[in-house]
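Below you'll find the structure, written out as structure tokens, and then a few comments.
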Amino acid sequence: MDDCLFCKIGRKEIPAKLVYEDEAIFAFEDIHPQAPAHVLICPRKHVVSLTDATAEDTAMLGRLQLVAAKLATDRKLTDGYRTIINNGRGAGQSVFHLHLHLLGGRVFRWPPG
Ligand code: 5GP
Ligand code: ZN
């Protein structure tokens, strides 16, 4: 998508602190971190939200989680971390290119706000 913020970050047309890249996935530091570690993990494919994902995206969805686990291990988030997809405006989604949040480095409450 030409106008999508996260597609532009993935194509390096907009600067971001990239922390992981492969042929299908890229990950970068959130500009407004909500925890000491806050990384956004995205597919290169423009998918608007989890609701828009299809069976064709099964492997990609799994890879988002596995990249999160790898980054959490690399960053020694041994006390725990969260992976979150905000799906739709009511759940707090503000950028409409599917992304997984990896949050760590502090204590998290349950239920989330
Ligand atoms: P959402 O609210 O859609 O689940 O998450 C979008 C996230 O993208 C937010 O945490 C927000 O801080 C982050 N974000 C928005 N614009 C930018 C940007 O230009 N660069 C980076 N690195 N993160 C951004
Ligand atoms: Zn996009």
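Values in this document were obtained by computation on a predicted structure and should not be read as measured data. Indexing begins at 1, ligand by ligand and atom by atom, following the structure's order.
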Inset, instruction - May I ask you to check whether over 12 heavy atoms, not counting those of Glu13, lie within 6.0 Å of atom CD? - result: yes
Legend entry - Distance filter under 4.0 Å to Glu29 heavy atoms, resulting ligand 1 atoms: 22 (N)
Legend entry - Gln65 versus Thr83, side-chain donor and acceptor atoms under 3.5 Å: yes
Legend entry - Numbered atoms of ligand 1 (with element) below 4.0 Å of Val95, judged on heavy atoms: 3 (O), 6 (C)
Legend entry - Non-hydrogen atom of Gln34 closer than 4.0 Å to ligand 1: no
Inset, instruction - For ligand 1, find out whether one of its N or O atoms is nearer than 3.5 Å to an N or O atom of His99. - result: yes
Legend entry - Any side-chain heavy-atom pair of Leu61 and Leu50 under 4.5 Å: yes
Inset, instruction - Take atom CG of Asp74 as the centre, draw a 6.0 Å sphere, and report whether it contains more than 12 heavy atoms from other residues, nucleotides or ligands. - result: yes
Inset, instruction - Before signing off on this row, confirm whether His38 and ligand 1 have an N or O atom pair separated by under 3.5 Å. - result: no
Legend entry - Heavy-atom closest pair, residues Ala35 and Leu103: CB-CD2, 4.0 Å
Inset, instruction - Using a strict 4.0 Å cut-off to heavy atoms of His101, name the atoms of ligand 1 that fall inside it. - result: 1 (P), 4 (O), 5 (O), 10 (O)
Inset, instruction - Within a distance under 4.0 Å of any heavy atom of Phe6, pick out the atoms of ligand 1 and give their elements. - result: 8 (O)
Inset, instruction - Could you check atom 7 (C) of ligand 1 against the protein and tell me its nearest heavy-atom contact, residue, atom and distance included? - result: Asp30 OD2, 3.4 Å
Legend entry - SB check Glu23 Lys45 (cutoff 4.0 Å): no
Legend entry - Nearest-option assignment for atom 24 (C) of ligand 1, heavy atoms, candidates Ile84, Ile31, Asn86, Asn87: Ile31
Legend entry - Heavy-atom side-chain proximity of Ile41 to Leu102 below 4.5 angstrom: yes
Inset, instruction - Return the minimal non-hydrogen interatomic distance between Val47 and Ala53, and the atom names on each side. - result: CG1-N, 3.9 Å
Inset, instruction - List every atom of ligand 1 that sits less than 4.0 Å from any heavy atom of Leu40, numbering the atoms from 1 in the order shown and giving each element. - result: 7 (C), 8 (O), 13 (C)
Legend entry - Location of contacts on Phe28 toward ligand 1, heavy atoms closer than 4.0 Å: side chain
Inset, instruction - Can you pull out the closest protein heavy atom to atom 3 (O) of ligand 1? Residue, atom name and distance to 0.1 Å, please. - result: Ser94 N, 2.7 Å
Legend entry - His97 N/O/S atom closer than 2.8 Å to the Zn ion (ligand 2): yes
Legend entry - Stepwise side-chain contact (heavy atoms from CB on, under 4.5 Å) check, Phe28 with Phe6: CA-CA 10 Å; Phe28 54 97; Phe6 286 179; 3.7 Å; yes
Legend entry - Aromatic centroids of His99 and His97 separated by under 6.0 Å: no
Legend entry - Beyond-backbone contact of Asp57 with Arg63, side-chain heavy atoms, under 4.5 angstrom: no
Legend entry - Ligand-side contact atoms (ligand 1) for residue partner Leu5, heavy atom cut-off under 4.0 Å: 16 (N), 17 (C), 19 (O)
Inset, instruction - Would you mind running through ligand 1 and noting each atom that sits below 4.0 Å from a heavy atom of His32? - result: 12 (O)
Legend entry - Atom of His46 nearest the Zn ion (ligand 2) (restricted to N/O/S, atom name only): ND1
Inset, instruction - May I ask you to list the atoms of ligand 1 that are less than 4.0 angstrom from any heavy atom of Gly92? - result: 1 (P), 2 (O), 4 (O)
